[in-house]
Amino acid sequence: MALTPSTMLPLGTPAPSFRLPDPTGRLFALEDFAGAPALAVMFLCNHCPYVKHVADGVARFARDYAGRGLAVDAINPNDAARYPDDAPPRMAEEAARRGYGFPYLVDGGQAVAKAYRAACTPEFYLFDAERRLVYRGQFDGSRPGNAVPVTGTDLRAAVDALLAGREVGADQKPSVGCSIKWKPGAEPSYV
């Protein structure tokens, strides 16, 4: 497994639109989160050890900010035909097991991952009320085997600043994890 860093989409980028199903087929779109002053978009999957390492922390993060103005959704961009652990039925199981209180969406065509220039799982994006990118990068400095606790420090600091009306710090570190499992021949030029 190759360790892959996020591409660090330029700050200020408008949130790319999406309309994706969850594992039950219910559709969610970017516009569904329009009333929230902040939106976190996460690219996750089920099988990557880097995602597994932070998954409970991600669920806790979403619970901690519920009702505070942050909308959260997660998108699984992996090729489920080649990686069946990332198929929708397994996504539903993972969401229930982890206690994800946010939509966990299927990017079967991988177009949304490409629009966000996502390269790895996990990968985190934070958008302001106008849906301009104010943070992209790591959840925190924890990685499998490095003994750093999973706290979500980096993303939490960005959300706290945004919700308090402060500028989000520009010192942002790329997320690292497993490469997105692109469909054969569909790999984007940026990876």
Side-chain angles (χ1 to χ4, degrees), residues 1 4 6 15-36 38-127 136 138-140 142-144 150-152 155-156 159 175-184 186 188:
M1 152 190 35
T4 302
S6 56
S17 187
F18 61 82
R19 184 173 174 80
L20 296 171
D22 71 5
T24 70
R26 181 177 171 201
L27 291 173
F28 290 85
L30 179 66
E31 297 76 31
D32 293 337
F33 306 99
L39 172 65
V41 177
M42 308 177 289
F43 285 85
L44 304 177
C45 70
N46 293 348
H47 81 275
C48 171
Y50 290 87
V51 175
K52 287 180 177 183
H53 181 72
V54 299
D56 290 334
V58 166
R60 192 168 40 256
F61 160 80
R63 282 191 305 272
D64 289 351
Y65 286 94
R68 293 181 52 197
L70 177 68
V72 177
D73 71 74
I75 299 170
N76 185 340
N78 283 348
D79 178 2
R82 291 187 6 214
Y83 295 86
D85 281 348
D86 287 326
R90 295 282 179 91
M91 290 174 60
E93 292 168 7
E94 179 73 358
R97 189 167 68 78
R98 299 283 185 185
Y100 288 168
F102 48 82
Y104 189 21
L105 308 176
V106 181
D107 186 13
Q110 301 182 315
V112 175
K114 289 177 183 175
Y116 280 77
R117 297 184 58 85
C120 63
T121 56
E123 195 157 352
F124 303 90
Y125 301 82
L126 178 64
F127 296 92
R136 75 288 194 245
Q138 67 181 8
F139 190 57
D140 57 33
S142 186
R143 308 286 185 267
V150 176
T151 61
L155 185 55
R156 285 175 184 271
V159 172
S175 187
V176 294
C178 299
S179 63
I180 289 175
K181 307 311 180 210
W182 302 104
K183 293 180 179 183

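Count residues from 1 along the sequence. The basis for the numbers below is simple: all heavy atoms, side chains too, and nothing from hydrogens, waters or symmetry mates.
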Exercise. Which residues pass the salt bridge (Lys or Arg N to Asp or Glu O under 4.0 Å) test with Arg117, sequence neighbours left out?
Worked result: none
Exercise. Does any N or O in the side chain of Arg156 come within less than 3.5 Å of the main-chain N or O of Thr151, such that one atom is a donor and the other an acceptor?
Worked result: yes
Exercise. Can you name the nearest heavy-atom pair linking Leu70 to Tyr65, along with the distance?
Worked result: CD2-CB, 3.7 Å
Exercise. Do any N or O atoms from the side chain of Asn76 and from the backbone of Val106 form a donor-acceptor pair under 3.5 angstrom?
Worked result: no
Exercise. Is Lys183 salt-bridged to Asp79, going by a charged N under 4.0 Å from an acidic O?
Worked result: no
Exercise. What are the two closest heavy atoms between Val150 and Phe139, and how far apart are they?
Worked result: CG1-CE2, 3.9 Å
Exercise. What is the minimum heavy-atom distance between Ala74 and Leu44, and which atoms define it?
Worked result: CB-CD1, 3.7 Å
Exercise. Sequence neighbours excluded, which residues qualify as salt bridge (Lys or Arg N to Asp or Glu O under 4.0 Å) partners of Arg19?
Worked result: none
For this session: Apply salt bridge (Lys or Arg N to Asp or Glu O under 4.0 Å) to Arg60 and list each qualifying residue two or more places apart in sequence or on a separate chain.
Result: none
Problem set entry | Expected output: side-chain Arg82 to main-chain Trp182 donor-acceptor under 3.5 Å | yes
Seminar exercise, completed: Rounded to the nearest 0.5 angstrom, the CG-CG distance for Asp140 and Leu155 is 9.0 Å
Seminar exercise, completed: Taking every heavy atom of Pro144 against every heavy atom of Pro49, the minimum-distance pair comes out as CG-O, 3.8 Å
For this session: Apply ring pair (Phe, Tyr, Trp, His ring centres under 6.0 Å) to Tyr125 and list each qualifying residue two or more places apart in sequence or on a separate chain.
Result: Phe43, Tyr116
Exercise. Are the side chain of Asp107 and the backbone of Ala113 linked by a donor-acceptor contact shorter than 3.5 Å?
Worked result: yes
Seminar exercise, completed: For Ser6 and Glu123 the tightest heavy-atom approach is CB-OE2, 2.9 Å
Exercise. Quick check: does any side chain N or O of Ser175 sit under 3.5 Å from a backbone N or O of Pro122, one acting as donor and the other as acceptor?
Worked result: yes
For this session: Taking Asn78 for its side chain and Lys181 for its backbone only, find out whether a donor-acceptor pair lies under 3.5 Å.
Result: yes
Seminar exercise, completed: Taken in chain and number order and not counting sequence neighbours, the residues that satisfy salt bridge (Lys or Arg N to Asp or Glu O under 4.0 Å) with Arg68 are Asp160
Problem set entry | Within-4.5 Å side-chain heavy-atom neighbours: Val72 and Tyr100 | no
For this session: Could you tell me whether the side chain of Pro103 reaches within less than 4.5 Å of the side chain of Leu20, counting heavy atoms only?
Result: no
Exercise. Do the non-hydrogen side-chain atoms of Tyr104 and Asn46 ever get within less than 4.5 Å of each other?
Worked result: yes
Problem set entry | Residue among Gln138, Met42, Arg136 satisfying side chain to side chain contact (heavy atoms under 4.5 Å, CB included) with Phe124 | Met42
For this session: For Pro16 and Ala115, work out which heavy atoms get closest and say how close.
Result: CG-O, 3.4 Å
Exercise. How many angstroms lie between atom CD of Glu94 and atom NZ of Lys52, to the nearest 0.5 angstrom?
Worked result: 8.0 Å
For this session: Could you grab the distance from atom CZ of Arg98 to atom CG of Asp56, nearest 0.5 Å is fine?
Result: 4.5 Å
Review item, side-chain donor-acceptor pairs of residues 24-35, under 3.5 Å, at least two apart:
{"from": "Thr24", "atom 1": "OG1", "to": "Asp22", "atom 2": "OD1", "distance (Å)": "2.6"}
{"from": "Thr24", "atom 1": "OG1", "to": "Asp22", "atom 2": "OD2", "distance (Å)": "3.4"}
{"from": "Asp32", "atom 1": "OD2", "to": "Ala29", "atom 2": "N", "distance (Å)": "2.8"}

